[in-house]
Amino acid sequence: MHERASGILVHPSCFPSRGGIGDLGPAAYDFLDFLSASKQTLWQILPLGPAGYGNSPYSCTSAFAGNPLLISLERLAEHGWIDKDQLQSLPSGSGPVDFGRLDREKIPLLQQAAANFLGNANATDRERFEKFCWLNGWWLEDYVLFETLRRHFDAHSWNEWPRELAERNPEALEKARRDFADELAQSRAIQFAFYEQWRALHQDCKRRGIEIIGDVAIFVSYDSADVWAHPDLFRLKSDLSPEVIAGVPPDYFSKTGQRWGNPLYRWDVLRQQGYEWWMQRMRWALQTCDMVRIDHFRGFESYWEIPADEETAINGRWIKGPGEEFFQVLRDTCGDLPLIAEDLGLITEEVVALRERIGVPGMRVIQFGFGDKGAHMYLPHKYVENTVAYTGTHDNDTSVGWWNNSSRPEEREAAIAYFGDAPDGMHWAMIRAAETSVARLCIIQLQDVLGLDSDCRMNIPSHPEGNWTWRYKPEQLTRELAQKLAAITEIADRASSNTAEQSHGKTGEYFSA
């Protein structure tokens with residue numbers, strides 16, 4: 001069982017990297033310096049995959065591929081993939097992410113860098129690349145063909161492609177591989193670059209005694225290589241469109257619920273196959289990270305099934321998920337389960353019982369604790385040890401924003417009664433409460449450490465536009481701030497003196513046997 005520890009939640013896209021979006025280059029290592037200086041031993045991220053609809057990391061075009069936009073062009077230039085002079089046009093500030101500009105400017109540079117690498121790589125680098133392709137072909141080949149065809153068909157959903165490609169006719173696929181051979185090779189090289197940079201960053205975390213908490217969304221995007229390559233695992237109609245889709249009923253975030261649109265699994269088929277696709281997914285996640293947060297954990301107990309033709313999530317129904325059997329197969333496959341269950345929202349006794357039986361911690365978000373008495377389970381005096389305490393998550397307002405804008409008067413009164421006057425800000429009162437709670441793990445949004453307002457929140461659920469764009473400024477990570485957080489972490493007995501490698505993940509050659 002994990003010792004007491006704390007960390008920070010921030011996605012790599014939020015780093016103040018050069019190029020218009022945070023990446024895996026110098027700014028990422030500067031952030032690790034801040035983590036170390038502030039005595040943090042956990043770094044929580046969002047899913048790393050290539051973002052699809054709405055630029056959301058929870059709507060990826062692959063459950064296995066890395067997001068090319070997170071590749072550091074500066075690092076590629078250092079390794080000879082591209083000339084440094086070609087990077088001069090890229091923005092150097094740390095303003096909000098402009099995804100349209102990235103598509104126009106960064107993606108072509110990545111493609112050119114990949115072409116340069118393929119044409120000029122030395123023998124050692126080429127051998128590493130070929131080994132990467134060989135070890136990862138089980139997901140890589142479907143992904144690079146999917147992405148290439150998706151680009152060729154102007155980002156139309158795969159079920160709108162010519163029928164022989166949508167249905168994966170072997171002859172049509174082979175012809176596409178011949179026709180687009182150069183583009184496929186470039187896409188492989190881009191994935192190689194991503195995982196070379198991610199592994200280097202992961203190894204640096206290990207040297208510092210920092211564990212990375214990854215994020216696996218229970219559902220995958222319909223317009224993804226996963227659904228295209230494995231249609232038999234999903235509830236699809238004869239025309240390959242979704243029959244039923246995922247979401248949640250009306251809740252704290254939305255009066256009409258959330259209609260996510262992800263296709264639902266054929267759990268009966270997965271079970272017959274020993275959940276092999278899921279086992280590959282989880283093995284991959286536990287190699288690329290050290291712990292994994294399971295987004296929408298409750299869906300393994302019961303999930304909300306919405307007919308695909310419904311416009312909202314209101315008219316759905318609860319369907320039983322695979323339950324404990326799934327996690328037993330996962331334990332048999334992967335050993336210990338260094339997981340965190342995202343168990344927020346409408347949680348039943350059955351969901352709690354499943355989480356407790358498999359022995360993984362749930363989440364408690366302090367912001368949720370100041371409503372009626374039934375919400376007090378989110379306040380620190382109600383926590384148990386096997387819990388992860390949060391001030392807020394990527395779906396919440398920042399703590400300052402909650403206090404200034406989102407909270408109701410009665411919630412603010414309750415917070416004052418709970419915390420007192422909070423002379424250095426309610427966000428610091430919430431951080432101290434989370435850190436000093438009995439919860440074994442504690443994760444603080446970086447925005448809360450920085451004391452930022454609502455304009456810096458990461459995501460507003462059910463609002464598809466304008467999310468995922470926030471980035472911090474390099475000067476915001478000050479020595480004084482690190483010292484303040486370190487002092488809290490030490491008095492809360494969360495500061496580890498062990499800086500040796502201590503994490504579960506393996507940072508050798510990423511692959512799934």
Side-chain angles (χ1 to χ4, degrees), residues 1-5 7 42 44-45 47 58 63 211-220 233 246 248 262 264-304 318-365 377-378 382-390 393 437-443 502-506 512:
M1 192 169 285
H2 207 293
E3 64 182 18
R4 281 176 68 82
L42 302 172
Q44 183 171 328
I45 61 174
Y58 293 91
E211 293 185 281
I212 300 175
I213 302 175
D215 198 329
V216 168
I218 181 175
F219 301 116
V220 298
L233 303 182
V248 289
N262 310 78
L264 293 173
Y265 296 105
R266 295 187 184 276
W267 282 114
D268 57 335
V269 174
L270 282 159
R271 185 185 185 193
Q272 291 168 8
Q273 298 177 2
Y275 303 105
E276 179 55 27
W277 180 85
W278 258 103
M279 295 305 106
Q280 288 180 321
R281 190 181 186 196
M282 292 305 295
R283 282 196 298 262
W284 184 250
L286 290 169
Q287 289 174 54
T288 52
C289 297
D290 304 297
M291 302 174 65
V292 172
R293 170 189 180 270
I294 302 288
D295 188 54
H296 198 59
F297 171 81
R298 73 140 304 131
F300 287 100
E301 196 284 320
S302 293
Y303 53 88
W304 191 244
W318 289 109
I319 303 294
K320 282 292 182 184
E324 190 172 0
E325 178 190 66
F326 173 87
F327 291 98
Q328 186 55 56
V329 174
L330 182 59
R331 182 174 278 111
D332 292 343
T333 302
C334 298
D336 291 340
L337 300 183
L339 306 178
I340 295 170
E342 185 274 291
D343 56 351
L344 307 174
L346 181 59
I347 301 301
T348 63
E349 292 180 3
E350 291 83 0
V351 179
V352 174
L354 172 62
R355 182 184 59 74
E356 291 180 346
R357 284 198 303 274
I358 66 174
V360 303
M363 293 173 56
R364 292 294 177 265
V365 177
M377 63 179 285
Y378 291 105
K382 289 281 192 177
Y383 296 172
V384 297
E385 277 192 84
N386 199 28
T387 297
V388 188
Y390 290 80
T393 76
S437 74
V438 71
R440 188 167 290 109
L441 303 182
C442 171
I443 304 292
Q502 58 182 27
S503 35
H504 296 86
K506 304 171 183 64
S512 179

Asker: Using modelled atom types and a 3.5 Å cut-off, is there a donor and acceptor pairing between side-chain atoms of D295 and backbone atoms of I218?
Answerer: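 Judged by distance alone, no pair lies under 3.5 Å.
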Asker: Using modelled atom types only, decide if a donor and an acceptor are shared between the side chain of Y383 and the backbone of Y378 within a distance under 3.5 Å.
Answerer: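 Pair found, side chain donor or acceptor close to backbone of Y378.
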Asker: Answer yes or no on whether R281 is positioned over the face of W278, meaning its NZ or CZ is under 6.0 Å from the six-membered ring centre and within 45° of the axis.
Answerer: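 Yes, R281 sits over the ring of W278.
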Asker: Any Lys/Arg nitrogen of R283 or E276 sitting under 4.0 Å from an Asp/Glu carboxylate oxygen of the other?
Answerer: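 A salt bridge is present here (some side-chain N lies under 4.0 Å from a carboxylate O).
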Asker: What do you reckon, is NZ of K320 surrounded by more than 12 foreign heavy atoms closer than 6.0 Å?
Answerer: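 More than 12 within 6.0 Å, yes.
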Asker: Which heavy atom of A285 sits nearest to which heavy atom of V216, and what is that distance?
Answerer: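 Of all heavy-atom pairs spanning A285 and V216, the closest is CB-CG2, 3.7 Å.
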Asker: Do the side chains of I45 and C289 get nearer than 4.5 Å, heavy atoms only?
Answerer: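 They are in contact (side-chain heavy atoms under 4.5 Å apart), so the answer is yes.
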Asker: I want to know whether Y265 and Y275 have ring centres closer than 6.0 Å.
Answerer: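 Not under 6.0 Å, so no.
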Asker: I would like to know whether I358 and F297 meet side-chain contact (heavy atoms from CB on, under 4.5 Å); could you show each step before the answer?
Answerer: CA-CA 12 Å; I358 66 174; F297 171 81; 3.8 Å; yes
Asker: Working to the nearest 0.5 Å, report the span between CZ of R4 and OG of S437.
Answerer: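 If we round to the nearest 0.5 Å, R4:CZ and S437:OG are 6.5 Å apart.
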Asker: Do R298 and V248 have side chains that get closer than 4.5 Å, going by heavy atoms?
Answerer: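 No, side chains not in contact.
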Asker: Determine whether a donor-acceptor pair (N or O, by modelled atom type, separation under 3.5 Å) exists between the side chain of D343 and the backbone of M363.
Answerer: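 Yes, because the side chain of D343 sits within donor-acceptor range (under 3.5 Å) of the backbone of M363.
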Asker: Verify side-chain contact (heavy atoms from CB on, under 4.5 Å) between M279 and D332, making sure each step is shown before the conclusion.
Answerer: CA-CA 10 Å; M279 295 305 106; D332 292 343; over 6 Å; no
Asker: For R271, does the CZ atom have more than 12 heavy-atom neighbours from other residues, nucleotides or ligands under 6.0 Å away?
Answerer: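 No, the 6.0 Å shell around CZ holds no more than 12 heavy atoms from other groups.
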Asker: Specify the closest pair of heavy atoms between L264 and A246, including all atoms of both residues, with the distance to one decimal.
Answerer: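 Nearest pair, atom of L264 first, then A246: CD2-CB, 3.6 Å.
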Asker: What verdict does the side-chain contact (heavy atoms from CB on, under 4.5 Å) test give for R293 and V388, after you've listed the backbone C-alpha separation in whole Å, the side-chain angles of each residue and the deciding distance to 0.1 Å?
Answerer: CA-CA 10 Å; R293 170 189 180 270; V388 188; over 6 Å; no
Asker: Taking all non-hydrogen atoms of both residues, which atom of D290 and which atom of I212 are closest, and how far apart?
Answerer: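 Minimum heavy-atom separation between D290 and I212: OD2-N, 2.8 Å.
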Asker: Considering only heavy atoms from C-beta outward, does the side chain of Y390 approach that of L344 to under 4.5 Å?
Answerer: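 Of all side-chain heavy-atom pairs linking L344 with Y390, none is under 4.5 Å.
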Asker: How far apart are the closest heavy atoms of S302 and W318, and which atoms are they?
Answerer: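 In terms of heavy atoms, the two residues are closest at O-CZ3, 3.6 Å.
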Asker: With side chains defined as the heavy atoms from C-beta onward, is the minimum distance between L330 and L339 less than 4.5 Å?
Answerer: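 In contact.
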Asker: Find out whether M282 and I294 are in side-chain contact, i.e. whether some heavy atom of one side chain is under 4.5 Å from a heavy atom of the other.
Answerer: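 M282 reaches I294 side chain to side chain.
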Asker: Quick one: do E3 and R440 make a salt bridge, cutoff under 4.0 Å?
Answerer: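 No salt bridge links E3 with R440.
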Asker: Using 30° and 60° as the class limits, which term best fits the ring planes of W267 and F326: parallel, tilted or perpendicular?
Answerer: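 Taking F326 first and then W267, their aromatic rings stand perpendicular (interplane angle over 60°).
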Asker: Roughly how far, to the nearest 0.5 Å, is the CD1 atom of I319 from the CD atom of E301?
Answerer: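 E301 atom CD to I319 atom CD1 measures 11.5 Å (nearest 0.5 Å).
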Asker: What's the spacing between E324 CD and R357 CZ if we round to 0.5 Å?
Answerer: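 So the CD of E324 and the CZ of R357 are separated by 4.5 Å.
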Asker: Keeping the roles fixed (side chain from R355, backbone from P361), state whether a donor-acceptor pair exists under 3.5 Å.
Answerer: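 Not a single qualifying donor-acceptor pair exists.
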Asker: Say you draw a straight line from CG of D268 to CD of Q273; how long is it, rounded to the nearest 0.5 Å?
Answerer: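 Reported value, rounded in 0.5 Å steps: 10.0 Å.
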Asker: Could you pull out the closest heavy-atom pair between I443 and I213, with the gap in Å?
Answerer: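 Closest heavy-atom pair between I443 and I213: CD1-CD1, 3.8 Å.
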Asker: Compare every heavy atom of E342 with every heavy atom of H296, then report the nearest pair and how far apart it is.
Answerer: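 Heavy atoms of H296 and E342 come nearest at N-OE1, 2.7 Å.
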